[in-house]
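Treat the numbers as computed from the prediction; the structure is a model and nothing was measured. So you know, we letter chains A, B, ... as the sequences are listed, proteins then strands, and number each from 1.
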Amino acid sequence: MNPHHILDGLNAPQLEAVTLPDVSALILAGAGSGKTRVLTTRIAWLIQTGRIGPGGVMAVTFTNKAAREMLTRISAMLPINTRGMWVGTFHGLCNRLLRAHFREAALPQSFQILDSQDQLALVKRVMKANGLDDEKYPPRQAQWFINANKDAGLRPSRVDPADEFERRFRDVYEAYDRQCQHEGVVDFAELLLRCHELLSRNEILREHYRARFRHILVDEFQDTNKLQYAWLKLLAGRDSCVFAVGDDDQSVYRFRGAEPGNMRQFEHEFATDHVIKLEQNYRSHGNILDAANALISHNQARLGKNLWTAEGKGEPLRVFEAASDAQEAAYIVDEVRSLRAEGVNLADVALLYRSNAQSRVLEHALFGAGIPYRVYGGLRFFERQEIKHALAYLRLIANAEDDGAFLRVVNFPTRGIGARSVEALQEIARTHGSSLWHAACANPPGGKAGSSIAAFVRLIDGMRTAVAGLPLQEIVESVVEGSSLKDHYRTEKEGAERIENLDELVNAAAAFSAEEIYDPQQPEGGMVDPDDPLSALNAFLAHAALEAGEHQAGAGQDALQLMTAHSAKGLEFHSVFISGLEEGLFPHENSLNELDGLEEERRLMYVALTRARRRLYLTFAQSRMLHGQVRYNLASRFFQELPPALMKRVNAPAARAAGYNPFTGASPRAAFENTVSYAGNPWRVGQNVTHPKFGAGVIVNAEGRGSDARVQVNFREAGLKWLALEYAKLSAA
DNA sequence: TACCTCCACGTTTTT
DNA sequence: CGTGGAGGTA
């Protein structure tokens with residue numbers, strides 16, 4: 001193969017990034033600038049030029065999808081087996097390290113991974129055991145507290161509680177960690193924290209991996225949190241090269257601990273000489289890009305970068321103002337139909353919104369119009385109730401100490417072990433400091449409850465014996481049958497789909513073992529150890545926790561893509577609708593109180609805009625049903641940050657004739673139900689007004705008559721206010 | 001144990 | 001409006 005072949009078609013900065021010598025580097029990669037290509041070509045180039053073997057590269061991503069995409073592209077460029085390569089998510093790679101060194105990490109060989117649901121259940125259990133009032137100390141908040149501290153690299157002993165409240169949460173955190181250790185389970189954040197601790201305490205391991213991974217590449221660097229950054233620094237040491245690719249303008253996960261400041265810190269600590277900007281966009285037409293650039297230029301905190309394209313200007317952005325959310329949906333339905341008629345695949349069209357609740361109205365309209373659509377962000381395969389139950393049986397077989405798994409299935413399907421019996425077991429377990437499983441085994445078989453528990457123990461023991469030495473698929477098959485979950489669901493009215501899913505779980509196990517083959521050349525690489533009869537099962541359970549799986553069927557169908565702006569990050573479409581562009585919704589009202597909140601909303605809008613290749617629709621509604629009542633919103637402030645010349649308004653002509661200006665929120669609208677009048681001037685709910693002091697707003701309520709007439713106005717800047725028409729200098733804008 | 005009713009709550013989310 | 005959790009009743 002021509003060694004330069006893989007470099008063909010790269011532009012100058014891309015080429016520079018790909019062929020950097022053995023140095024660390026920060027790549028500022030704008031939206032659509034070929035970031036994944038640079039990342040994967042760099043890996044291929046390093047290997048092809050003999051700078052490093054496939055085993056010496058580590059590539060880290062945030063999602064499994066991104067990791068898979070990378071492996072696929074590397075395989076296409078190089079004639080090598082990528083199986084032993086360390087390409088994966090932060091969590092996946094940490095899992096791999098901890099499995100390989102479970103003793104050094106003080107974990108049982110078959111430690112299990114808790115997903116968020118499992119974690120919350122465990123937090124609740126711990127809080128209950130410690131007699132904490134879950135009214136005053138909401139378990140969700142405790143969970144958040146624990147994760148936030150772990151993400152910051154803080155164990156309970158290093159947490160500095162700000163008040164009594166946090167002191168309690170700190171205690172919960174401590175008890176929770178202890179319980180996890182007892183049960184041999186780890187949550188997502190623990191995978192990283194435990195791995196970090198392992199490497200920082202164990203010099204031999206640390207040096208081993210530092211010597212091995214001379215090149216570490218990181219995707220979506222702006223999304224790394226403190227712990228992930230520390231982990232990278234630890235693993236890289238002084239001699240390894242870190243190739244960090246990110247875009248500060250697309251940082252939209254600060255709310256979950258992402259520290260875009262890591263980019264600047266990285267620049268200081270690793271890569272002062274090598275910052276490369278990828279600014280040529282290969283995705284969008286000029287107008288779309290110009291709009292995105294104009295919008296993001298309103299942010300202060302930026303590393304600075306301006307995207308450009310060699311493509312033509314293309315169409316203007318289409319702006320539609322609807323009277324209501326339903327009308328907005330109807331417009332979108334019409335436009336989707338005509339896009340389809342133009343020959344655009346529905347799968348290449350995205351309908352974006354700020355919050356999931358907004359999908360309902362849109363789905364209703366699409367369903368009514370018979371347009372196939374797919375909603376992202378729902379319940380995923382491995383998160384379904386029936387799947388969690390089946391997995392819990394498997395977990396209990398793999399690791400009997402797992403109380404969470406025990407509790408989930410001890411009485412499901414019901415076998416006469418009620419809450420009282422379970423509490424008794426918990427009491428025994430607590431006094432003996434043992435697991436529920438041991439308590440159940442030691443349980444004297446007295447009475448009906450006792451014999452039910454004994455029967456459960458026999459069931460699980462029987463399964464464990466029956467399953468020993470079987471291939472993974474047969475293990476799963478046998479447990480699904482033996483648990484009689486299917487029988488249980490056969491009696492349920494919604495049971496048919498659940499049974500299908502259980503069958504699908506068996507298929508997933510078969511597919512998994514076909515992919516994960518033990519490779520003796522890669523002792524740390526292959527996850528399945530032939531000497532451990534349960535290692536295939538453990539690997540599968542870890543896979544289930546780490547990769548919740550694409551949720552719905554019909555993924556291959558040509559369907560309109562509905563998702564939040566967050567979920568759209570990293571994707572691109574021929575046409576994109578951004579709906580609900582209203583003050584309070586996008587930017588979301590809750591974000592306005594937060595530090596950097598508006599700038600993060602603006603980055604999110606930037607992400608949304610830059611998803612479109614050819615056509616972009618921006619829609620908003622004057623009125624919207626939210627929480628059971630109608631709300632009246634102004635057009636999003638983001639409209640004022642986009643150059644008018646790039647936009648074309650496509651509303652109903654009547655509204656335009658009335659001189660309505662969506663960017664300032666001004667002029668009369670169609671009549672709404674509530675009106676009042678003062679001095680012969682009528683005022684109407686939904687009407688846009690201006691006030692000399694408070695500025696632009698919209699009337700959301702009205703009451704009284706004559707000199708008592710008052711209106712409630714939602715001002716863009718000043719918020720909600722009641723104003724007496726007799727005194728307020730209100731004018732119809 | 002199963003079902004029902006009442007109440008509170010309501011951004012964004014991957015692993 | 002809608003959901004999910006809690007608590008009560010048959």
Side-chain angles (χ1 to χ4, degrees), chain A residues 60-67 88-95 113-121 124 134-135 138-140 143-144 147 150-151 186-193 195 219-220 223-225 227-228 251-258 325 352-361 363-364 376-380 382-383 411-421 491-493 542-551 563-570 580 584-594 597 600-601 603-605 607-608 624-631:
Chain A
V60 200
T61 63
F62 276 87
T63 66
N64 292 297
K65 197 176 165 196
T89 62
F90 278 98
H91 296 85
L93 296 175
C94 286
N95 175 53
I113 300 166
L114 303 181
D115 68 13
S116 314
Q117 281 178 48
D118 302 329
Q119 186 189 32
L120 182 61
K124 281 182 180 169
D134 58 2
E135 295 273 293
R140 283 196 171 281
Q143 182 185 24
W144 186 88
N147 290 336
K150 286 193 181 189
D151 284 345
V186 298
D187 57 53
F188 289 132
E190 182 72 23
L191 284 168
L192 276 141
L193 184 52
C195 194
D219 192 16
E220 304 276 16
D223 288 340
T224 53
N225 64 32
L227 179 56
Q228 286 157 342
S251 162
V252 293
Y253 285 115
R254 280 181 53 127
F255 71 92
R256 66 170 199 217
D325 47 0
L352 308 183
Y353 33 80
R354 176 64 179 82
S355 62
N356 285 305
Q358 287 165 249
S359 76
R360 186 170 307 283
V361 185
E363 284 185 69
H364 182 78
Y376 284 76
L379 196 59
R380 286 174 300 179
F382 288 111
E383 291 169 357
N411 198 34
F412 193 96
T414 51
R415 49 176 67 88
I417 304 173
R420 237 185 14 260
S421 312
T491 65
E492 242 184 30
K493 33 188 189 301
H543 164 81
L546 291 175
E547 187 164 4
E550 282 304 288
H551 57 120
M563 65 189 87
T564 63
H566 281 92
S567 314
K569 190 154 82 93
L585 219 64
F586 201 171
H588 197 278
E589 53 197 349
N590 295 0
S591 72
L592 300 180
N593 310 319
E594 291 161 20
E600 177 134 327
E601 294 289 303
R603 289 191 291 268
L604 184 58
M605 179 68 179
V607 166
R624 178 176 298 278
M625 188 70 117
L626 198 65
H627 306 329
Q629 55 182 358
V630 180
R631 289 202 355 179

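In this view, D223(A) and K569(A) satisfy the side chain to side chain donor-acceptor pair (under 3.5 Å) rule, not counting sequence neighbours. Remark: T89(A) pairs with no residue by the side chain to side chain donor-acceptor pair (under 3.5 Å) rule, at least two apart or across chains. Looking at residues two or more places apart in sequence or on another chain, you find a salt bridge (charged side-chain N to carboxylate O under 4.0 Å, His left out) between E589(A) and R631(A). Considering only residues two or more places apart in sequence or on other chains, R360(A) meets the side chain to side chain donor-acceptor pair (under 3.5 Å) condition with none of them. In terms of the side-chain contact (heavy atoms from CB on, under 4.5 Å) criterion, residue partners of A545(A) (sequence neighbours excluded) are, by chain and number, I113(A). In this view, D187(A) and Q119(A), K150(A), Y176(A) satisfy the side chain to side chain donor-acceptor pair (under 3.5 Å) rule, not counting sequence neighbours. For E363(A), there are no salt bridge (charged side-chain N to carboxylate O under 4.0 Å, His left out) partners two or more places apart in sequence or in a different chain. Partners of D151(A) according to the salt bridge (charged side-chain N to carboxylate O under 4.0 Å, His left out) rule, which considers only residues two or more places apart in sequence or in another chain, do not exist here. For R354(A), the salt bridge (charged side-chain N to carboxylate O under 4.0 Å, His left out) partners two or more places apart in sequence, or in a different chain, are E601(A).
The same atom, P, is picked in dT13(B) and in dG4(C); the two are 16 Å apart, to the nearest Å.
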For nucleotides 1-4 of chain B, list the nitrogen or oxygen atoms of the protein found under 3.5 Å from its nitrogen or oxygen atoms, one pair per line.
residue	atom	partner	partner atom	Å
dT1(B)	OP1	N411(A)	ND2	2.7
dT1(B)	OP2	N411(A)	ND2	3.1

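Here chain A contacts DNA chain C (any atom closer than 4.0 Å to a heavy atom, that is under 4.0 Å), and the contacts span dC1(C) to dT3(C) from 5' to 3'.
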Once base and sugar-phosphate atoms are separated, protein heavy atoms under 4.0 Å mark nucleotides 8-15 of chain B, 5' to 3', with B, S and - as --BBBBBB
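Under a 3.5 Å cut-off, the side chain of N225(A) and the backbone N or O of Q228(A) do form a donor-acceptor pair.
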